[in-house]
*Asks:* 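If you scroll down you'll find the structure; I have some questions about it.
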Protein chains: 2
Amino acid sequence: MTKDAAPSAAGRPRLSGAPTGSPRQDIIREATALFVAKGYAETTMSEIARSAGLRQSSLYYWFARKEHILQALLEENRSSLALAAALEGQSGPAAPRLYAVLHADAMQLCSAPLDFYEFERVARSQPQNFGAFFDDYAALHRLTASIVRQGAESGEFQAVDSEDAATAALGLNEGLQRHYRQPLPGLRSYSAEQVSQLSADTTLARLLAASGNLAAVRAEAADIAAGWSAAAES
Amino acid sequence: MTKDAAPSAAGRPRLSGAPTGSPRQDIIREATALFVAKGYAETTMSEIARSAGLRQSSLYYWFARKEHILQALLEENRSSLALAAALEGQSGPAAPRLYAVLHADAMQLCSAPLDFYEFERVARSQPQNFGAFFDDYAALHRLTASIVRQGAESGEFQAVDSEDAATAALGLNEGLQRHYRQPLPGLRSYSAEQVSQLSADTTLARLLAASGNLAAVRAEAADIAAGWSAAAES
DNA sequence: CAGACTTTCAATAACTTATCGAAAAGGCGT
DNA sequence: ACGCCTTTTCGATAAGTTATTGAAAGTCTG
């Protein structure tokens with residue numbers, strides 16, 4: 001009944017004669033490529049079907065709605081939340097932990113198959129299917145605010161409202177990922193690493209009480225992120 | 001030939017019998033209301049026609065494409081660029097001038113009929129019609145970077161890359177206007193004034209060499225903006 | 001080998017943006 | 001008064017979109 005990853009040879013054969021190896025995964029893969037190239041709204045079910053080797057109406061056997069393809073695609077990209085959850089409860093200075101979280105979130109926004117805002121638009125039109133998206137966002141915001149609060153209480157950061165600071169930090173990530181994906185004509189264009197660094201640098205420079213430490217914070221953050229991803233492998 | 005704002009009684013009468021007073025303005029007004037309420041993509045030409053009191057196909061007599069309505073609507077919102085142009089060449093400390101520009105830009109993004117990103121999406125799909133949009137953006141970015149550079153050279157600001165700082169400042173404005181328009185569930189919601197202040201505060205706090213001056217900068221910026229808009233009236 | 005199950009397909013409904021030619025008025029010259 | 005030109009609106013329709021439906025074409029199981 002789950003009809004997931006079933007390389008069975010059953011069912012009516014395709015007109016195209018294309019070999020049917022896990023149609024669900026094939027569709028997701030082809031749809032991802034098209035979403036990356038043209039965006040979600042501009043990609044039609046007919047195009048996805050053509051790329052995946054079946055007819056437009058056959059697509060609806062695997063995904064009853066276009067949004068469901070996006071939903072299936074979403075459930076792979078949640079690593080920055082896991083990092084934030086791990087680092088929030090950790091002891092030690094807040095600055096490198098915050099830097100690591102913000103940098104990882106920005107990198108994920110840049111490398112995700114869909115623009116954050118396009119994704120948010122679809123999620124908002126189907127709240128019952130995309131509740132996890134909003135839950136994840138709220139969780140990330142809460143963890144970010146918590147790390148900011150830790151830094152403010154220890155004197156490492158300036159005295160700021162932690163919720164406002166988290167909103168600004170995440171909002172900056174979102175605003176800058178756009179500049180990575182769609183550079184505006186006449187402006188410098190950035191790599192994913194460059195926008196992530198610019199975003200995290202900007203937020204930390206605003207928060208740190210002693211502003212000279214930024215380079216050290218950045219280095220420590222890199223260590224933390226490397227250590228965490230190594231630990232996550234095992 | 002310009003067929004603009006022509007309250008002539010000529011032409012075939014409407015089936016709806018509605019009084020025909022400047023159809024072009026009527027359409028823009030009704031379309032604006034619908035765009036604000038539902039967004040651009042979700043508003044159909046049929047709905048606009050119904051609100052304006054004519055048939056869907058008759059709309060195309062006044063606007064050959066849906067984007068043209070948006071384009072007509074755009075040509076009213078360019079005040080923050082004018083402010084930036086006025087303040088960039090002005091003497092005196094950079095901080096309050098930058099604050100005033102960023103705050104005004106954020107307020108405009110919040111009060112505009114369309115979400116910045118939705119507008120950008122349409123503009124990108126019709127670059128030949130929306131070149132002014134990209135020109136304005138590039139100009140605003142250049143002026144912002146110029147003010148940042150003035151502050152950095154005078155020692156008022158920290159030593160930063162002025163282009164990066166401008167990108168981050170404007171990106172933060174854009175990211176935060178989204179939080180004003182569409183508050184995410186579980187997060188605090190902001191008024192237009194609150195997000196504008198949060199955005200400008202955050203950028204200035206990051207840039208100022210002496211971080212205690214923020215409240216004074218904010219007050220000076222309000223004076224500057226008030227003086228400028230009074231001067232613009234005459 | 002018969003029936004059940006799985007997968008694909010063509011046809012079609014309902015909606016969208018956009019085009020086209022005809023229709024319905026007013027204004028104007030004669 | 002009459003025909004003609006211009007302006008404006010309309011209905012019909014094309015081409016594209018997402019999504020539904022019932023039938024068709026295979027494999028698998030008892």
Side-chain angles (χ1 to χ4, degrees), chain A residues 1-27 30-31 34-35 38-71 121-122 125-126 129, chain B residues 1-27 30-31 34-35 38-71 121-122 125-126 129:
Chain A
M1 205 47 164
T2 53
K3 64 177 177 184
D4 199 51
S8 76
R12 173 171 173 172
R14 294 184 179 169
L15 279 194
S16 62
T20 163
S22 280
R24 204 157 197 284
Q25 289 305 317
D26 293 351
I27 292 167
E30 297 301 321
L34 287 167
F35 291 165
K38 318 182 27 177
Y40 174 81
E42 287 73 26
T43 300
T44 70
M45 293 295 267
S46 296
E47 291 172 300
I48 299 173
R50 198 177 317 123
S51 292
L54 30 61
R55 306 293 212 198
Q56 179 259 4
S57 65
S58 304
L59 229 45
Y60 287 83
Y61 176 76
W62 299 99
F63 297 94
R65 312 182 158 274
K66 190 181 173 188
E67 292 99 7
H68 291 0
I69 303 181
L70 193 56
Q71 199 180 349
R121 162 196 308 275
V122 181
S125 75
Q126 299 278 330
N129 293 328
Chain B
M1 206 48 162
T2 54
K3 64 177 181 183
D4 198 53
S8 76
R12 175 172 172 173
R14 293 185 180 171
L15 278 194
S16 61
T20 163
S22 280
R24 204 158 197 285
Q25 288 306 317
D26 293 351
I27 291 166
E30 298 300 322
L34 287 167
F35 291 166
K38 321 183 26 178
Y40 174 80
E42 287 73 26
T43 300
T44 69
M45 293 295 267
S46 296
E47 289 173 301
I48 299 173
R50 198 178 316 125
S51 292
L54 30 61
R55 304 293 211 202
Q56 179 260 3
S57 65
S58 304
L59 229 46
Y60 287 83
Y61 176 76
W62 300 100
F63 297 94
R65 311 182 161 274
K66 190 182 173 187
E67 292 98 8
H68 291 0
I69 303 181
L70 192 55
Q71 201 181 346
R121 158 194 310 272
V122 181
S125 76
Q126 299 279 329
N129 293 328

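Note that these values count all heavy atoms, side chains included, but never hydrogens, waters or copies made by symmetry. Throughout, a chain's letter reflects where its sequence line sits, starting with A, and its residues are numbered from 1.
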*Asks:* At under 4.0 Å, does any side-chain N or O of B:Ser58 touch on OP1 or OP2 of D:dC10?
*Replies:*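 For D:dC10, OP1 or OP2 has a side-chain N or O of B:Ser58 closer than 4.0 Å.
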*Asks:* Quick check for you: to the nearest 0.5 Å, what is the distance between B:Ile48 atom CD1 and B:Ile27 atom CD1?
*Replies:* 8.5 Å
*Asks:* Just the rounded figure in Å: distance from C1' of D:dT17 to CD of A:Glu67.
*Replies:*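 That distance rounds to 13 Å.
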*Asks:* What integer distance in Å separates B:Glu42:CD from D:dT17:P?
*Replies:*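 Going from CD in B:Glu42 over to P in D:dT17 covers 18 Å.
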*Asks:* Nearest-Å distance, CG (B:Leu59) to P (C:dT16)?
*Replies:* 13 Å
*Asks:* Mind calculating the distance between CH2 (A:Trp62) and P (C:dT6) to the nearest angstrom?
*Replies:*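 Nearest whole value for this atom pair: 10 Å.
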*Asks:* Is it true that a side-chain atom of B:Glu67 and a backbone atom of B:Gln126 form a donor plus acceptor pair closer than 3.5 Å?
*Replies:*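 Side chain of B:Glu67 to backbone of B:Gln126, a donor-acceptor pair under 3.5 Å: no, none is there.
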*Asks:* Taking only the side-chain nitrogens and oxygens of B:Arg55, find out if one of them lies under 4.0 Å from OP1 or OP2 of D:dG11.
*Replies:* yes
*Asks:* Figure out the CZ/P separation between B:Arg50 and C:dT16, and round it to whole Å.
*Replies:* 9 Å
*Asks:* State which residues pass salt bridge (Lys or Arg N to Asp or Glu O under 4.0 Å) with A:Arg55; sequence neighbours excluded, sorted by chain then number.
*Replies:*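 A:Arg55: no salt bridge (Lys or Arg N to Asp or Glu O under 4.0 Å) contacts found.
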*Asks:* Does B:Tyr61 have a side-chain nitrogen or oxygen under 4.0 Å from the phosphate oxygens OP1 or OP2 of D:dT9?
*Replies:*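 No, no such contact exists.
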*Asks:* Within the side chain of B:Gln71, is there an N or O that forms a donor-acceptor pair under 3.5 Å with the backbone of B:Asn129?
*Replies:* yes
*Asks:* From C-beta outward on A:Thr44, which listed nucleotide comes closest to its side chain: C:dA18, D:dT17, C:dT8?
*Replies:* D:dT17
*Asks:* Rounded at 0.5 Å granularity, tell me how far CD1 in A:Ile69 sits from CZ in A:Arg24.
*Replies:*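 One finds 9.5 Å between CD1 of A:Ile69 and CZ of A:Arg24.
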*Asks:* Nucleotide by nucleotide, 5' to 3', does protein get under 4.0 Å of the base (B), only the sugar-phosphate (S), or neither (-) in nucleotides 19-30 of chain C, counting heavy atoms?
*Replies:* B---BBBS----
*Asks:* Pair A:Glu42, A:Glu47 - check side chain to side chain contact (heavy atoms under 4.5 Å, CB included), show working.
*Replies:* CA-CA 10 Å; A:Glu42 287 73 26; A:Glu47 291 172 300; over 6 Å; no
*Asks:* Assess the residue pair B:Phe63 and B:Leu70 against the criterion (side chain to side chain contact (heavy atoms under 4.5 Å, CB included)); give the C-alpha distance rounded to whole Å, side-chain angles, the decisive distance to 0.1 Å, and a yes or no.
*Replies:* CA-CA 10 Å; B:Phe63 297 94; B:Leu70 192 55; over 6 Å; no
*Asks:* Find the distance A:Phe63:CZ to D:dT20:P and express it as a whole number of Å.
*Replies:* 15 Å
*Asks:* State, to the nearest 10°, the angle formed by the axis through the first five base pairs of the helix from C:dC1-D:dG30 to C:dT30-D:dA1 and the axis through its last five.
*Replies:*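 The helix from C:dC1-D:dG30 to C:dT30-D:dA1 shows an end-to-end axis angle of 30°.
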*Asks:* Taking all atoms of both residues into account, what is the closest heavy-atom pair of A:Pro23 and A:Arg14, and its distance?
*Replies:* CB-NH2, 3.7 Å
*Asks:* How many Å lie between CZ on A:Arg24 and P on C:dT8, as a whole number?
*Replies:* 13 Å
*Asks:* Between B:Met45 and A:Leu54, name the one whose nearest nucleotide on DNA chain C is closer to the 5' end.
*Replies:*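 Between the two, 5'-proximity favours A:Leu54.
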*Asks:* What closest approach, in Å, do B:Gly39 and B:Thr43 show between heavy atoms, and which atom pair accounts for it?
*Replies:*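 Answer, listing the atom of B:Gly39 first, then B:Thr43: O-OG1, 2.7 Å.
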*Asks:* How many Å lie between CG on A:Leu15 and C1' on C:dA11, as a whole number?
*Replies:*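 Going from CG in A:Leu15 over to C1' in C:dA11 covers 14 Å.
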